[in-house]
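Proteins get letters first, then strands, A, B, ... in listed order; numbering begins at 1 in each.
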Amino acid sequence: MPELFSGDLMVEERYDPKTVEQKWQNIWEEKGLFRTGADAAREKFYCLEMFPYPSGKIHMGHVRNYAIGDVIARYKRMQGYNVLHPMGWDAFGMPAENAAIKHGVHPSKWTYENIRYMKGQLGKLGLSYDWDREVTTCSPDYYRWNQWFFIKMMEKGLAYRRSSYVNWCPSCATVLANEQVIDTRCWRCDHAVVQKELEQWFLKITAYAEELLSSCDDLTGWPEKVVVMQRNWIGKSHGAEVDFTINGTDDMIRIFTTRPDTLFGATFLCLSPGHPLSAALVADSEGLEKVTAHYGKVDEKIGLFTGSYAVNPVNQEKIPIYIANFVLMEYGTGAIMSVPAHDQRDFEFAKKYGLPVREVITQSESSVSHVPGAELAEAYEGEGVLVNSGPFSGLASSEAKQQISAWLAEKGRGKKVINYKLRDWGISRQRYWGTPIPVIYCDACGIVPVSEQDLPVILPEDVKFTGTGGSPLLESESFLQVSCPKCGGRARRETDTMDTFVDSSWYFVAYCLGKDNITFSGKSLNPELSYWMPVDQYVGGVEHAVLHLLYSRFFTRVIRDLGITCASEPFTNLLTQGMVIKDGAKMSKSKGNVVDPDYLINRYGSDTSRLFSLFAAPPEKDLEWSDKGVEGAYRFLNRIWAMVQRHQNGLRAAASAGGKTSASDKGRALLKKTHQTIRKVTMDIEKEYHFNTAIAAMMELVNDMSGFEPFEDQDMRVFRFSVENLLLLLCPFTPHIAEELWERIGNGPSISQQPWPAWDENMAADEEVELVIQINGKLRGKLMISAGLPDEQVREIALKDSKIAEAIGQKSIRKVIIIKGRLVNIVIGE
RNA sequence: GCGAGAGUGGCGGAACUGGCAGACGCGCUGGACUUAGGAUCCAGUGGAGCAAUCCGUAGGGGUUCGACUCCCCUCUCUCGCACCA
């Protein structure tokens, strides 16, 4: 603790954040101040921050995230809303299991110990959560509903099992999520990841692709950037499927194209190496392997001629069939027609393998007569007018797309289709620390869902963690052995667990119901959910812009369609806060540039920590860490503390001026400044939560207040009015010191329960304004005039000013521009 | 490569709808108090100049009485997507 006052000089009690903060945290808890219940008579506000993974300790990113959320929650509470502000734990996940493998601690023990510690840390930050609604996703009470939703989705055909290629780490013997593959290697053991075909459970998010896309338009409270990312991820494109026959056979190759208007320009066909026909058509298995090895790599295009030809349905032309590394199996049909003149990738491929390039689209009438055989430098990918396209020549691209698609449909050789980039969501993980997928495999009955009354399928505790040989569940006989719910015969449980993104896709729904009260049934709408949903303000990192937010939007719709809620969208407003940066890089253990929140809170207290992280940058921007900046925030709170302490007796004695009484000139000025500050802080919070400028306004007020010596009663009453309002404004930001000083000037507890202050527009209005006078746009003078003067008079005053008159001299005045209450610009000639 | 966003003092950042560029904080300079000051308080602080003044919002052009703000071009940085046919 830095020495701020030497004992001899200061008689007042020193600001000791530790004592103050502990005191008020206890009081809040005892009084249950932040506990919430549904109350139809009051307007609700659901404020939510992304819950943390209990990794051990919170980091500065959490402090920032939760400080932002807490200001919003406290502000809305003071405004009279019934605020739901919950917190919980995203408690399943690989780190717990890795800790078990490495240190022999059970994931459960590790997780719950971390939760206990981190909960203590959040408590010390003074965050206004309703802990009665805490959720912990690794608790059976929670994950049983993952299982219930899964079964409901199976019933609706929204959960299904199929074989698919996955990222597989042979060393860890598990599937890796895409984001766990770093530069084609396993993030944990650095082993090369391979593509492996596995039976996987999928959730059919694609069934909602269209709705998820079209309702992006409704996400007006989200950052545009995030909405764009959602749209791109869903990736809708209009096009056509076209069937090419393989020459000399009856076999078909179905391709997808967004440019049916270029069909006459197709000079070859490409199959993905993973396409079922690839292996069938190619005799040279070594060559195929080579192409496969380069699959999905951006560096170069590699192809292999199959020796077969396809017949173009529109002109019966025979074109060669290639296998190409750049054709993705996961998108479209896994096969494309290649139009090198109008697709740059096809163009590069054609150049490399000496394949013909035929132009079928021209940009304008004048360039139709392109010299046949002349080298194209690159593909023309835009639209235009068709040439060399048989009966369709002369049509515009957009018209040709329609007509060619219609022609294909008529001949039974194709149709218009819509494709999405969005894939179904593979949720199977060969991991222990997750929700068991509630499915039983019976030799007689096949795949059987666990029946609802048998939920939850509990994750067994007594398992061994070796880190090799796959999921520990494979070794747990008591877990594996089960009787079939249908026939009663011997059966085996599914050992895969769910992706942890499932847990976080509906936790905001669980909060509405409250701890020990999470129950769903599709029988009728749930009144608690109807009251609270959707979340009014969601706050979190932009790194979840696609996955978590998209999955949550999907789940919310599934829950809606189960008849549980009416809400389609989970989050009305989204605030994505920036990263915490130090020395030019994101704070991270590996960079060694972390600041420990524990250290910060011990040294300066939570109010200072919160204040700094809110003051240093607007929430959506990155925050550059500064030790000196923290000192500045601490100094600010100390100044307030000292100021109130010094006048404590006077403040206690004075009744509030009620914002009306006239006092000394300085007193009136302070009164005005106070009203202006209330206005400014309120408007800055309302305007995209710009807390940094709100805090700056409070600093200005404090600067004015510290220069104010209230000798007379009237002035002291003004001063008290300023102090009270300052504390009220400060309350959402630095609640502990606000509470303490509020009490010390003789108010009852608690300031947190006071209404947000209102300003009086008349009191805030300036009676005098500074008039800026420009000549030809250059600043030439400033003077004070009374506010609201008519333009004529302002003009006169400006022209009469001696300096201005001198500057004008004999020159002619061409024009005078007057901006009310701001400036006069005099345009003069030579 | 494509898409989005950003570039303002020594630093973090302000600036309504086109109207005083640099609020507020940090740092720095000077002073007060002091045995001392890395505490606190007061004053100053974009650059150049004794000054009047001039120059300044990545760079260049434009629109305008007036541009950090609008338009065009160039450069740099950050983020997202990266062969989606």
Enquirer: Is there any salt bridge (charged side-chain N to carboxylate O under 4.0 Å, His left out) pair reaching into residues 258-268 of chain A, and which pairs are they, with sequence neighbours excluded?
Expert: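 Output for this query lists A:Arg259-A:Asp261.
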
Enquirer: List in chain and number order the residues that pass side chain to side chain donor-acceptor pair (under 3.5 Å) with A:Glu761, two or more places apart in sequence or in another chain; answer none if no residue qualifies.
Expert: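 Residues passing side chain to side chain donor-acceptor pair (under 3.5 Å) with A:Glu761: A:Arg679, A:Trp759.
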
Enquirer: Run the salt-bridge test on A:Arg231 and A:Asp217 with the 4.0 Å N-O cut-off and return the result as yes or no.
Expert: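 Yes, A:Arg231 and A:Asp217 are salt-bridged.
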
Enquirer: Do any side-chain nitrogens or oxygens of A:Arg635 fall under 4.0 Å of OP1 or OP2 in B:C26?
Expert: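 Yes.
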
Enquirer: According to a strict under-4.0 Å criterion, is A:Arg780 in side-chain N/O contact with OP1 or OP2 of B:C20?
Expert: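 Looking at the OP1 and OP2 atoms of B:C20, neither is under 4.0 Å from any side-chain N or O of A:Arg780.
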
Enquirer: Cut-off 3.5 Å, side chains only: do A:Gln645 and A:Tyr15 have a donor facing an acceptor?
Expert: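 A:Tyr15 and A:Gln645 do not have a side-chain donor-acceptor pair below 3.5 Å.
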
Enquirer: Any side-chain donor paired with an acceptor under 3.5 Å for A:Tyr331 and A:Ser237?
Expert: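 Their side chains do contain a donor-acceptor pair, which is all the 3.5 Å distance test asks for.
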
Enquirer: Which part of the nucleic acid, if any, lies within contact of A:Asp622, taking any heavy atom under 4.0 Å across all strands shown: a base, the sugar-phosphate backbone alone, or nothing?
Expert: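 If one applies the 4.0 Å heavy-atom cut-off, A:Asp622 turns out to touch the sugar-phosphate alone, with no base involved.
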
Enquirer: Salt bridge (charged side-chain N to carboxylate O under 4.0 Å, His left out): which pairs involve residues 320-343 of chain A, sequence neighbours left out?
Expert: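 Passing the test, one end in residues 320-343 of chain A: A:Asp343-A:Arg345.
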
Enquirer: Where the side chain of A:Lys628 is defined as all heavy atoms beyond and including C-beta, which of B:C54, B:G27, B:G80 is the nearest nucleotide?
Expert: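 Nearest to the side chain of A:Lys628 among the choices is B:G27.
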
Enquirer: Which of these nucleotides, B:G25, B:C20, B:G12, is closest to any side-chain atom of A:Ala616?
Expert: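 For A:Ala616, the side-chain atoms sit closest to B:G12.
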
Enquirer: Taking only residues at least two apart or on different chains, which pairs with a member in residues 772-794 of chain A satisfy salt bridge (charged side-chain N to carboxylate O under 4.0 Å, His left out)?
Expert: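 The answer is A:Asp791-A:Lys820.
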
Enquirer: In dot-bracket, 5' to 3', how would RNA chain B read with Watson-Crick or G-U wobble pairs under 3.5 Å, [ ] for crossing ones and | for pairs to another strand?
Expert: (((((((..(((......[....)))((((((.......))))))(((....)))..(((((..]....))))))))))))....

Enquirer: Under the side chain to side chain donor-acceptor pair (under 3.5 Å) rule, collect the residues that match up with A:Ser722, sequence neighbours excluded.
Expert: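 For A:Ser722 the side chain to side chain donor-acceptor pair (under 3.5 Å) partners, ignoring immediate neighbours, are A:Thr674.
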
Enquirer: Side-chain donor-acceptor pairs under 3.5 Å in residues 376-383 of chain A, sequence neighbours left out?
Expert:
residue, atom, partner, partner atom, Å
A:Tyr380, OH, A:Glu383, O, 2.4
A:Glu381, OE2, A:Gln344, N, 2.7
A:Glu383, OE2, A:Lys401, NZ, 2.7

Enquirer: Just to verify, what does A:Lys672 make a side chain to side chain donor-acceptor pair (under 3.5 Å) with, not counting sequence neighbours?
Expert: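 For A:Lys672 the side chain to side chain donor-acceptor pair (under 3.5 Å) partners, ignoring immediate neighbours, are A:Asp766.
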
Enquirer: Which whole number of Å gives the distance between the C1' atom of B:U35 and that of B:G44?
Expert: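 So the two C1' atoms sit 28 Å from each other.
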
Enquirer: Under 4.0 Å between any heavy atoms, over every strand shown, what does A:Ser237 touch: base, sugar-phosphate, or nothing? Just pick one.
Expert: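 Sugar-phosphate only.
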
Enquirer: With distance as the sole criterion, do the side chain of A:Glu770 and the base of B:C20 form a donor-acceptor contact below 3.5 Å?
Expert: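 Under the 3.5 Å cut-off, the side chain and the base do form a donor-acceptor pair.
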
Enquirer: Quick one: does any side-chain atom of A:His690 pair with a main-chain N or O of A:Asn692 as donor and acceptor, under 3.5 Å?
Expert: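 No; judged by distance alone, with no hydrogens or angles, the pair does not exist.
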
Enquirer: Considering only NZ, NE, NH1 and NH2 on the basic side and carboxylate oxygens on the acidic side, decide whether A:Arg254 and A:Asp243 come within less than 4.0 Å.
Expert: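 Answer for the salt bridge query: yes.
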
Enquirer: Ignoring hydrogens and angles, tell me if any N or O in the side chain of A:Arg358 forms a donor-acceptor pair with the backbone of A:Ala341 under 3.5 Å.
Expert: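 Pair absent, no side-chain N/O of A:Arg358 close to backbone of A:Ala341.
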
Enquirer: Write out a two-atom table: protein N or O, nucleotide N or O from nucleotides 22-24 of chain B, distance below 3.5 Å.
Expert:
residue, atom, partner, partner atom, Å
B:A23, O2', A:Glu700, OE2, 2.9

Enquirer: Check the interface with nucleotides 16-18 of chain B: list each N/O to N/O pair with the protein under 3.5 Å, or write none.
Expert:
residue, atom, partner, partner atom, Å
B:C16, O2, A:Arg822, NH2, 3.1
B:C16, N3, A:Arg822, NH2, 2.6
B:C16, N4, A:Arg822, NH1, 3.4

Enquirer: Is there a side-chain contact between A:Pro17 and A:Ile737 (heavy atoms, below 4.5 Å)?
Expert: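 Answer no - side chains too far apart.
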
Enquirer: Checking all strands, does A:Val816 fall into the base, sugar-phosphate, or nothing category for heavy-atom contacts under 4.0 angstrom?
Expert: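 No contact.
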
Enquirer: If you check every side-chain atom of A:Asn325, which of B:C41, B:A4, B:C83 has the closest atom?
Expert: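 Out of B:C41, B:A4, B:C83, the nucleotide with an atom closest to A:Asn325's side chain is B:C83.
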
Enquirer: Restricting both atoms to N or O, compile the protein contacts to nucleotides 6-11 of chain B shorter than 3.5 Å, with distance only.
Expert:
none

Enquirer: According to a strict under-4.0 Å criterion, is A:Lys778 in side-chain N/O contact with OP1 or OP2 of B:C55?
Expert: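 Yes, within the criterion.
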
Enquirer: Enumerate the protein-to-nucleotides 60-68 of chain B contacts in which both atoms are nitrogen or oxygen and the separation is below 3.5 Å.
Expert:
residue, atom, partner, partner atom, Å
B:C65, O2, A:Asn825, ND2, 2.4

Enquirer: Does a donor on one side chain sit under 3.5 Å from an acceptor on the other, for A:Lys416 and A:Gln402?
Expert: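 There is such a pair (donor and acceptor under 3.5 Å, judged by atom type) between the side chains of A:Lys416 and A:Gln402.
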
